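Scroll down for the structure; my scribbles are underneath it.
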Amino acid sequence: MASQVVGIPNHSNGPSGPSTQFGVPHNEQDMMVVSRPNQPHPHQQQEMVKLSLIIERAVQTAYHELIVLAELLPRKPDVERKVELCKWCVKTRQMFVRVFALAKWVNGAAKVDKSTHMTDFLHTQANYFVMTADRLHCIANEDLANAKLPTFYIPHAVDVLSTGSFPRLPCAIRDKVVPPEKATPTQKASTLRKLDKIIPCFLADSDFPKEFSEYQISGGRVTFTVEKEFKVTLTLFGVDSSLPWRILDILFLIRDDSVGEGAPLVHELQKNYLVAFLQTKLNAKEFHLTDVYHYLHRFCLHLKLEVIHAQLLCLAMEQRNPYIGVESYKVGKELSIFYWKEMKRQLGKPVSIHDKFNATAADREASTNLFTILITLEESSGAFAVSHFPKLEAGKHREGEIG
């Protein structure tokens with residue numbers, strides 16, 4: 001019985017007398033609820049008190065009141081002593097009767113507690129049923145109001161059940177999962193032959209410069225050759241006229257074995273950048289074949305000017321010839337070359353070859369012969385032009401080309 005607990009109201013200690021200082025109720029309205037500690041009621045769990053504590057407090061209360069009476073009664077008359085003693089006996093008897101009734105009730109409290117739990121469980125389940133019905137009503141009338149059952153795929157089911165395969169799989173799924181089959185050599189050769197017939201039709205409808213009049217069509221590609229400048233190879237990716245030309249390769253024909261130990265003058269990274277840049281312009285419809293020629297032609301002019309400049313520097317450093325050299329050089333614009341330059345004697349002293357080679361422009365005040373090569377912008381693609389200082393007399397010079 002000591003392991004059981006009893007729920008009683010928690011009365012605070014006050015000046016009401018010894019009968020209430022231990023929290024034992026004295027009226028019938030204060031209800032005592034008993035429950036086992038293993039399964040306490042959720043709403044009464046905070047009011048649980050051990051039965052042994054109630055019995056202990058009842059005994060202490062009776063003993064305390066008896067001690068108080070023993071100290072106070074000797075001062076009173078005999079009649080009052082008997083009356084007070086009778087009152088104590090009746091009150092103590094009532095308190096222990098309540099404790100005895102409570103102890104007997106505790107033995108059957110498990111059934112009451114179990115019934116309470118069952119009632120709470122049934123109420124909880126009833127609430128779940130109500131909430132489920134409300135949610136189903138909301139789904140049926142709001143969420144699924146416009147939902148419809150799709151049409152059953154009877155032909156697909158028949159194929160699966162009868163043949164055991166599914167030949168109606170959409171091609172979009174197959175293309176994303178199954179890699180495409182590689183073209184056979186015969187298909188490749190047939191495609192290239194078709195391109196060889198399509199490319200002349202595209203060239204007939206395209207505007208290209210006269211410098212591209214020399215071309216060769218072979219292997220599904222067309223190669224334009226500009227003498228002493230470059231070769232560009234292009235192809236098509238289809239018969240649609242809106243598709244742009246695709247640049248496959250660019251080969252520069254400008255060579256100089258004395259510069260870079262015979263290595264190509266244009267690095268592979270530079271060539272790849274040119275291909276990517278021109279292809280971007282072609283895809284954006286900003287460039288046509290004429291624009292491709294103009295861009296590559298200007299690039300070749302700059303490259304030729306750079307080669308001439310490098311050759312002159314090599315000549316001056318190897319032979320240490322003070323009578324020819326570079327007067328000035330503007331990258332991509334012009335190159336001025338002096339020759340037969342005579343140096344004045346300073347202070348009547350002869351000038352050595354070393355002084356002539358290292359002389360500055362301020363020291364060169366004698367007659368000067370300058371040959372200037374520049375790139376003009378008279379044409380959209382640019383061209384080379386030459387000038388001479390001093391001017392040559394008529395009939396004593398002839399024109400030539402720079403290749």
Side-chain angles (χ1 to χ4, degrees), residues 1-14 16 19-61 94-170 172-174 176-177:
M1 185 179 296
S3 62
Q4 297 174 343
V5 294
V6 180
I8 61 173
N10 187 13
H11 296 279
S12 60
N13 298 331
S16 59
S19 62
T20 60
Q21 68 179 11
F22 292 101
V24 180
H26 298 283
N27 51 26
E28 297 179 357
Q29 296 178 355
D30 296 330
M31 300 301 295
M32 296 183 180
V33 181
V34 179
S35 177
R36 296 188 179 276
N38 295 334
Q39 296 179 351
H41 194 278
H43 303 294
Q44 301 170 353
Q45 186 175 3
Q46 298 180 356
E47 301 178 2
M48 296 299 175
V49 179
K50 288 185 178 181
L51 181 60
S52 60
L53 181 61
I54 294 177
I55 296 174
E56 182 181 356
R57 287 189 178 183
V59 172
Q60 290 179 0
T61 301
Q94 291 178 353
M95 181 177 64
F96 278 101
V97 168
R98 292 179 179 178
V99 173
F100 179 70
L102 183 63
K104 291 186 68 177
W105 181 81
V106 165
N107 292 329
K111 298 180 180 179
V112 178
D113 190 40
K114 186 181 296 184
S115 301
T116 305
H117 280 288
M118 292 174 62
T119 305
D120 292 341
F121 175 76
L122 292 176
H123 281 296
T124 303
Q125 296 299 318
N127 290 333
Y128 286 157
F129 281 117
V130 172
M131 293 172 60
T132 303
D134 293 342
R135 181 55 185 160
L136 289 175
H137 181 271
C138 180
I139 292 175
N141 293 275
E142 295 180 5
D143 298 343
L144 301 179
N146 297 324
K148 296 181 180 179
L149 188 65
T151 305
F152 293 104
Y153 296 100
I154 302 299
H156 302 73
V158 171
D159 291 337
V160 173
L161 295 176
S162 59
T163 63
S165 61
F166 188 56
R168 302 173 186 268
L169 185 68
I173 300 177
R174 183 192 61 189
K176 290 183 178 180
V177 177

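Please read these numbers as outputs of a predicted model, since none were measured by experiment. Atom set for the values below is all heavy atoms of this structure, side chains included, hydrogens, waters and symmetry mates excluded.
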For [X], enumerate each residue passing the side-chain contact (heavy atoms from CB on, under 4.5 Å) test, keeping only those at least two apart in sequence or located in another chain.
X	result
Leu144	Ile139, Ala147
Leu161	none
Leu122	none

List for me each residue that meets side-chain hydrogen bond (donor to acceptor under 3.5 Å, both in side chains) alongside [X], sequence neighbours excluded, and say none if there are none.
X	answer
Glu56	Gln60
Asn141	His137
Thr163	Ser165

Report task. Decide yes or no on side-chain contact (heavy atoms from CB on, under 4.5 Å) for Phe121 and His117, but give the supporting numbers first. Result -> CA-CA 6 Å; Phe121 175 76; His117 280 288; over 6 Å; no

Report task. Let me see the working for Arg98 and Leu102 under side-chain contact (heavy atoms from CB on, under 4.5 Å), right down to the final yes or no. Result -> CA-CA 6 Å; Arg98 292 179 179 178; Leu102 183 63; over 6 Å; no

Query raised in the report: Quick one: salt bridge (charged side-chain N to carboxylate O under 4.0 Å, His left out) pairs with a partner in residues 122-138, sequence neighbours left out?
Result: Arg135-Asp143

Query - salt bridge (charged side-chain N to carboxylate O under 4.0 Å, His left out) contacts touching residues 154-169 (sequence neighbours left out) - result: Asp159-Arg168

Query raised in the report: In chain order, what residues pass the ring pair (Phe, Tyr, Trp, His ring centres under 6.0 Å) check against Phe129, with sequence neighbours excluded?
Result: none

Query raised in the report: Which residues satisfy the ring pair (Phe, Tyr, Trp, His ring centres under 6.0 Å) test with Phe100, sequence neighbours excluded?
Result: none

Report task. Flag yes if more than 12 heavy atoms outside Phe166 fall under 6.0 Å of its CZ atom; otherwise flag no. Result -> yes

